[in-house]
Amino acid sequence: MVYDLFVMGGGPAGYVAAIRGSQLGMKVAIAEEKFLGGTCTNVGCIPTKAWLASSELFQSIKESKKFGITTENFSIDMKSVKSRTDRVVMKGRKGIEYLLKKNNVDLLTGHATVDNLNKAHVADKTVEFKNLLLAQGSHPIKFPPFNVDGVMTSDEIFSLDKIPSSILIVGGGVIGVEMANFFSSIGSQVTVVEVMDHILPNMDGDVADVLTNSMKKRGIEIHTATKTLSVDKVDNGFKVAFEEKERFEKTFEMILLSVGRKSNMTDDIKALGVGLDPKGNVITDDAMKTNIPNIYAAGDINGKYMLAHVASREGIVAVTNMKGGNLKMDYRSSPSVIFTTPEIGNVGYGEDELKKSGIEYKKGVFPMTALGRARTLEFNDGFGKILTDKDENIIGVTIVGPMATEVLMEGVIAVHSKMSLEKLLDHVHPHPTISEIYMESAEVGMGMPIDL
């Protein structure tokens, strides 16, 4: 049998592409050597949010007195948290397997190796195909001085079933700050070290400032513009030497290295002649095409935006174009969400990026503390920010506050459709809700604020 489409990798890019390909009338096979769902389902989005759901509830119980609720004699059991997380992950895997079967996709278990432009093998099975989608994902970056036995990455951390007394988190990006919030909530002494000038270096400085202040209030120690010089295993954990303005040392029970991921590039893919960038990622255009006509790539393997929802969209774009479609990826309106306290949602341009590029813009900013719904939640940190071009069309949205990850979608639609502030204000926002931050920020942007 010759498949119309062979997909290498069962993560968010791969399994979504396989299902959509089958729905479009293609005969599809997908190969996965470990677990369906890829990084997101198994060691990324899903287990992280399962952990955070537990820690946020625990933190809310600890702070319940300000809501008029008295509690006592409660605790968190890390073994139970792990058990619940494992169940959530397993449901995700089984759900994906069911969807593949329902859509008549042939699932091949094992490592896939490409022999040529139309043939591969998975274990002892030969697979012939017309089109190939590369979707093998990525792995955590690990390098000296962190290549010490016992130093964990996000691929290993979810095996944890006890609460460490102290943990060093190396890297203040999305994974690092989410994990810092989790461990601080459950009782660990947390230290975050970031080599750049502020945490969340890909976000605006005002976003980083709000989150930094919030994390410090929760007892998290943050060191920016700091290098890690050495890591040594000792009886009670790890002794680590740093250089900030001067050298200092600290000892930690546990270390989590979270400084990014690298695409899973293999020699058989290189041998095909697929174009690669200097970092070893597969080069694709916005239609997800590589330099070889029947080979496409989606997800972390192309190194563009290592986000599950972006990977899924890339997979859909790829297989639609294989069938003669003309879809393009719109990375500018692809959102980013961070599940910290406060939550963060961003889409489109950031203000720092616009300043650096010299692009003319206007902005409307509204403080979260002035929003009625935020006050009912005892939430005082954060803001809404809408950026517009000179014609007042929305080109960027940032929300920092409660439920920011849930209400961001209005901003995604606004940026993608190039909505004007006036058009946004044509819509009545329900009260009292966090979504009113759009209305309030837009009114500030138009110079007509009512609540400020």
Apply salt bridge (Lys or Arg N to Asp or Glu O under 4.0 Å) to residues Glu249 and Arg247 and explain how you reach the verdict.
CA-CA 7 Å; Glu249 292 184 352; Arg247 179 187 171 97; 3.2 Å; yes

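- Looking only at atom types and distance, the side chain of Arg87 has a donor-acceptor partner in the side chain of Ser83 under 3.5 Å away.
- Glu343 and Thr405 share a side-chain donor-acceptor pair at under 3.5 Å.
- In this structure, the side chain of Asn321 engages the main chain of Asn326 through a donor-acceptor pair within 3.5 Å.
- Here the rule is side-chain contact (heavy atoms from CB on, under 4.5 Å) with Lys262, and of Met306, His139, Lys142 only His139 fits it.
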Test log, rule side chain to side chain contact (heavy atoms under 4.5 Å, CB included), inputs Glu440 and Val444:
CA-CA 6 Å; Glu440 303 288 6; Val444 172; 5.7 Å; no

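- Using bins of under 30°, 30° to 60° and over 60° for the plane-to-plane angle, the ring pair Phe242/His223 lands in the parallel bin.
- At a threshold of 4.0 Å, the pair Lys162-Asp77 does not count as salt-bridged, since none of the basic side-chain nitrogens sits closer than that to a carboxylate oxygen.
- Between Glu97 and Lys94, no side-chain nitrogen of the basic residue sits less than 4.0 Å from a carboxylate oxygen of the acidic one, so the salt-bridge criterion is not met.
- Ser312 places no side-chain N or O within 3.5 Å of a backbone atom of Ala13 that could act as its donor or acceptor partner.
- Ser357 contributes no side-chain N or O that, together with a main-chain N or O of Ile359, makes up a donor-acceptor pair within less than 3.5 Å.
- Checked for salt-bridge contact, Asp204 and Lys385 meet the test: a charged N lies under 4.0 Å from a carboxylate O.
- In this structure, the side chain of Glu253 engages the main chain of Ser165 through a donor-acceptor pair within 3.5 Å.
- Residue Met78 places its CE atom among more than 12 non-hydrogen atoms of other residues, nucleotides or ligands, all under 6.0 Å distant.
- Going from atom OG1 of Thr388 over to atom CE of Met446 covers 9.5 Å, rounded to the nearest 0.5 Å.
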Residue pair Tyr305, Tyr331: steps toward the ring pair (Phe, Tyr, Trp, His ring centres under 6.0 Å) verdict:
CA-CA 8 Å; Tyr305 283 74; Tyr331 290 108; 5.2 Å; yes

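- A distance-only check finds no donor-acceptor pair linking the side chain of Lys304 to the backbone of Asp286 [under 3.5 Å].
- Between Val192 and Ile220, some side-chain heavy-atom pair lies under the 4.5 Å cut-off.
- The two residues Glu194 and Gly173 have their closest heavy-atom pair at OE1-N, 4.1 Å.
- With hydrogens and angles disregarded, a donor-acceptor distance shorter than 3.5 Å links the side chain of Ser55 to the backbone of Leu52.
- For the atom pair CE (Met152) and CZ (Phe158), the distance works out to 11.0 Å, reported to the nearest 0.5 Å.
- Taken from SG in Cys40 to NE2 in His309, the straight-line distance is 10.0 Å, to the nearest 0.5 Å.
- Between Tyr361 and Tyr349, the gap from one ring centroid to the other reaches at least 6.0 Å.
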Please determine whether side chain to side chain contact (heavy atoms under 4.5 Å, CB included) holds for the pair Val88 and Ile46, giving the CA-CA distance in whole Å, both sets of side-chain angles, and the decisive distance to 0.1 Å.
CA-CA 8 Å; Val88 171; Ile46 300 304; 3.5 Å; yes

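- Scanning all heavy atoms of the two residues, the minimum distance from Ser138 to Asn264 falls at N-ND2, 3.2 Å.
- Considering every non-hydrogen atom in both Phe366 and Ser441, the closest pair reads CB-OG, 3.6 Å.
- Under a 3.5 Å cut-off, the side chain of Asn281 and the backbone N or O of Asp277 do not form any donor-acceptor pair.
- Side-chain contact check for Glu410 and His429: at least one donor-acceptor pair (N or O, by modelled atom type) lies under 3.5 Å.
- Of all non-hydrogen atoms in Met203 and Ser336, the two that sit nearest each other are CE-OG, 3.8 Å.
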Under the salt bridge (Lys or Arg N to Asp or Glu O under 4.0 Å) criterion, do Arg313 and Asp330 qualify, and how do the steps go?
CA-CA 10 Å; Arg313 180 60 183 172; Asp330 179 9; over 6 Å; no

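- Classification of Lys245 and Glu243 as a salt-bridged pair fails, no side-chain N sitting under 4.0 Å from a carboxylate O.
- Relative orientation of the Phe183 and Trp51 rings is perpendicular, given thresholds of 30° and 60° on the angle between their planes.
- Side-chain N or O atoms of Ser417 include one that pairs as donor or acceptor with a backbone N or O of Ile413 at under 3.5 Å.
- At least one side-chain heavy atom of Ile76 sits less than 4.5 Å from a side-chain heavy atom of Ile163.
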Output, in order, the C-alpha distance, side-chain angles, deciding distance and verdict of side chain to side chain contact (heavy atoms under 4.5 Å, CB included) for Asn380 and Met368.
CA-CA 6 Å; Asn380 299 311; Met368 194 62 68; over 6 Å; no

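- Counting only residues at least two apart or in different chains, salt bridge (Lys or Arg N to Asp or Glu O under 4.0 Å) contacts with residues 165-189 comprise Lys49-Glu178.
- If you take CG on Leu211 and CG on Asn181, they are separated by 6.5 Å, rounding to the nearest 0.5 Å.
- A salt bridge is defined here as a Lys NZ or Arg NE, NH1 or NH2 lying under 4.0 Å from an Asp or Glu carboxylate O, and Glu436 with Arg373 fails to meet this definition.
- The heavy-atom pair separating Arg93 from Leu36 by the smallest distance is CG-O, 3.5 Å.
- The aromatic rings of Phe74 and Phe58 sit perpendicular, their planes meeting at an angle over 60°, well past the 30° parallel limit.
- Leu408 and Ile399 make their closest contact through CD1-CG1, 4.5 Å (heavy atoms, listed as atom of the first residue, atom of the second, distance).
- Interatomic distance, OG1 of Thr398 versus CG of Asn346, reported as 4.0 Å (0.5 Å rounding).
- Side-chain contact between Asn302 and Glu314: present, with at least one pair of heavy atoms (C-beta onward) separated by less than 4.5 Å.
- With a 4.5 Å cut-off on side-chain heavy atoms, Ile167 and Phe252 do not count as touching.
- Taking the side chain as every heavy atom from C-beta outward, Tyr438 and Leu424 approach each other to under 4.5 Å.
- When Val231, Val151, Val193 are each tested for a side-chain contact (heavy atoms from CB on, under 4.5 Å) with Leu168, only one passes: Val193.
- Counting only heavy atoms from C-beta outward, the side chains of Ile169 and Thr191 never approach each other to under 4.5 Å.
- Between atom CZ of residue Arg332 and atom NZ of residue Lys418 there is a gap of 10.5 Å, rounded to the nearest 0.5 Å.
- Look at Lys250 and Glu221 and you find a salt bridge, because one of the NZ, NE, NH1 or NH2 atoms lies within 4.0 Å of a carboxylate O, short of that distance.
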Side chain to side chain contact (heavy atoms under 4.5 Å, CB included) between Leu425 and Met439, worked out:
CA-CA 6 Å; Leu425 288 172; Met439 175 187 71; 3.9 Å; yes

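- Looking at Ser159, its side chain does come within 3.5 Å of a backbone N or O of Glu156 through a donor-acceptor pair.
- Taking a cutoff of 4.0 Å between a charged side-chain nitrogen and a carboxylate oxygen, Asp352 and Lys356 do not qualify as a salt bridge.
- Under the 3.5 Å distance criterion, the side-chain polar atoms of Thr153 are matched with a main-chain donor or acceptor of Asp155.
- Taking a 6.0 Å sphere around NZ of Lys328, one finds it holds more than 12 heavy atoms contributed by other residues, nucleotides or ligands.
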